[in-house]
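Read through the structure below, which is laid out as structure tokens, and then see the notes.
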Protein chains: 2
Amino acid sequence: MKLLDIGEIAERSGVAPSALRYYEEIGLITSAGRKGLRRQFGPETLLQLSLITLGKAAGFSLQEIAGMFGKDGQPDLPRDQLHARADALEAQIRELTVLKDALRHVADCPAPSHLECPKFQKLLRAGSITAEV
Amino acid sequence: MKLLDIGEIAERSGVAPSALRYYEEIGLITSAGRKGLRRQFGPETLLQLSLITLGKAAGFSLQEIAGMFGKDGQPDLPRDQLHARADALEAQIRELTVLKDALRHVADCPAPSHLECPKFQKLLRAGSITAEV
DNA sequence: CTGCCAATTCAAGCGAGCTTGAGGTCAAGG
DNA sequence: CCTTGACCTCAAGCTCGCTTGAATTGGCAG
């Protein structure tokens, strides 16, 4: 099995070496061992980093991401909790869709004040996050 | 026009008063004026806060959110930039979908190591975030 | 008019997620 | 064998997004 050192991982994943060391420190990833002082990572680390990057973009904390996929990329969680996570993601996807539609609306609607535009308000309310206005 | 003071806004939006003051400080929202010392907010602030909350959940920084919708809830950006933002959101939605599917996969796939499961790898690669493994 | 209580300011502090810098080690190429 | 440079550790520092606390003000009910 071919091992990669931190610079290689950094370059191919786009994650800075300092960040990779930090991730290891908090137990989010694990190095396969050391060559001298140098950490050696297995290639699966690249896949894990894809997941981590993905999760971060989604607004999850590193702790939450660690909870979804253990250090080794295996889930620590029981199935139903994973599905619950997936459900939460679906909800978030719906919210993002609302935001996206809101943006498209403001880009296109000629109304003077979007916040007063009924269509716009309806969009937001569809997000179900809206406070009781 | 009915104005609300900060406590009312906080309660109805779920955003803490200290956070609201902070948002005003950084120019993300604007108060309609003061009654004595007390900030008074127009009801449209509640809608703005919905957008802000939405944007935060999506992983945007307050600066980025401010860029999408100006202080007054009106966009500062030209149409095409707004559409570009929306496009970026769509991309993010696709990524989230990948993450969601990945979670469902790990919940259901009986394979010993998901990172080695071809289906799983295909899922990740579909996210197009994956480094060249 | 009094007193309460919600609101104010301002400075300091906090947790997350890294980055930076100083000083040290060591694997590999010439 | 020697140099180079990528790696190491550890502590300190930084940005973001707030929260907390102390000291003060002032709107409003009684």
Side-chain angles (χ1 to χ4, degrees), chain A residues 1-43 45-46 48-69 71 99 129 131, chain B residues 1-43 45-46 48-69 71 129:
Chain A
M1 68 178 177
K2 60 165 189 172
L3 296 175
L4 306 166
D5 62 33
I6 205 171
E8 187 79 14
I9 295 281
E11 192 181 344
R12 292 178 46 180
S13 68
V15 178
S18 57
L20 292 171
R21 282 189 280 262
Y22 176 70
Y23 288 172
E24 195 193 20
E25 190 184 326
I26 65 170
L28 190 53
I29 61 177
T30 317
S31 56
R34 297 284 184 120
K35 190 181 331 183
L37 277 186
R38 305 184 177 199
R39 289 167 184 81
Q40 299 300 118
F41 293 95
T45 302
L46 291 170
Q48 290 184 51
L49 287 171
S50 299
L51 287 170
I52 292 167
T53 303
L54 221 43
K56 286 210 318 168
F60 292 101
S61 73
L62 298 182
Q63 295 310 317
E64 287 173 317
I65 294 169
M68 293 182 193
F69 310 93
K71 319 186 174 205
L99 184 55
I129 320 214
Chain B
M1 68 179 177
K2 63 167 187 174
L3 297 175
L4 306 165
D5 61 34
I6 204 169
E8 187 80 13
I9 295 281
E11 193 181 343
R12 294 179 44 183
S13 68
V15 178
S18 57
L20 293 171
R21 281 189 280 265
Y22 176 70
Y23 289 172
E24 195 194 18
E25 192 183 324
I26 64 170
L28 190 51
I29 60 177
T30 317
S31 56
R34 297 285 184 118
K35 190 179 335 183
L37 276 186
R38 306 185 177 199
R39 287 165 185 82
Q40 299 301 119
F41 292 96
T45 302
L46 290 170
Q48 292 185 48
L49 287 172
S50 300
L51 288 171
I52 291 168
T53 303
L54 222 42
K56 285 210 317 169
F60 292 101
S61 73
L62 297 183
Q63 295 311 318
E64 286 173 318
I65 295 170
M68 293 181 193
F69 308 94
K71 320 187 171 198
I129 321 223

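Quick note on labels: first sequence line is chain A, next is B, and so on, each numbered from 1. Small disclaimer: the values here were computed from a predicted structure and weren't measured.
Here A:Leu62 lies in heavy-atom contact (under 4.0 Å) with sugar-phosphate atoms only.
Look at B:Lys56 and you'll find a side-chain N or O under 4.0 angstrom from OP1 or OP2 of D:dC18. Between D:dC7 and A:Lys35, no contact under 4.0 Å exists linking OP1 or OP2 to a side-chain N or O. Contact between the side-chain N/O atoms of A:Arg34 and the OP1/OP2 oxygens of D:dT9 is found at a separation under 4.0 Å. Between A:Arg21 and the phosphate of D:dC8, there is a side-chain N or O to OP1/OP2 separation shorter than 4.0 Å.
Here D:dC7 presents its P atom at 11 Å from CZ of A:Phe41, a figure rounded to the nearest Å. Straight-line distance from the CG atom of A:Leu37 to the C1' atom of D:dA6: 11 Å, rounded to whole Å. With rounding to whole Å, B:Ile26 atom CD1 is found 10 Å from D:dC16 atom P. The CD-P distance, from A:Glu8 to D:dA6, rounds to 13 Å in whole Å. The distance between atom CD of A:Glu25 and atom P of D:dA11, rounded to the nearest whole Å, is 11 Å. Rounded to whole Å, atom C1' of D:dG17 lies 11 Å from atom CG of B:Leu28. One can place CD of B:Gln40 at 10 Å from P of D:dG27, the figure rounded to the nearest angstrom. Atom CD of B:Glu24 is separated from atom C1' of D:dG17 by 16 Å (rounded to the nearest Å).
Between B:Ile29 and B:Ile52, some side-chain heavy-atom pair lies under the 4.5 Å cut-off. Considering only heavy atoms from C-beta on, A:Tyr22 stays 4.5 Å or farther from A:Leu28 through its side chain. Between B:Leu20 and B:Arg39, every side-chain heavy-atom pair lies at or beyond the 4.5 Å cut-off. The shortest side-chain heavy-atom distance between A:Gln40 and A:Arg34 does not fall under the 4.5 Å cut-off. Two residues are said to be in side-chain contact when any heavy atoms from C-beta on lie closer than 4.5 Å; A:Leu46 and A:Leu4 meet this criterion.
Across the interface with DNA chain C, nearest-nucleotide mapping of A:Ser61 and B:Pro17 shows B:Pro17 to be the residue nearer the 5′ end.
Nearest nucleotide to the side chain of B:Tyr23, out of D:dC7, D:dC18, D:dG17: D:dC18.
Across all non-hydrogen atoms, the minimal contact from A:Phe41 to A:Thr30 is CD2-O, 3.9 Å.
Interface limits on DNA chain C: the 5'-most and 3'-most nucleotides within less than 4.0 Å of chain B heavy atoms are C:dA6 to C:dT9.
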Test side-chain contact (heavy atoms from CB on, under 4.5 Å) applied to B:Ile65 and B:Leu54, step by step
CA-CA 9 Å; B:Ile65 295 170; B:Leu54 222 42; over 6 Å; no

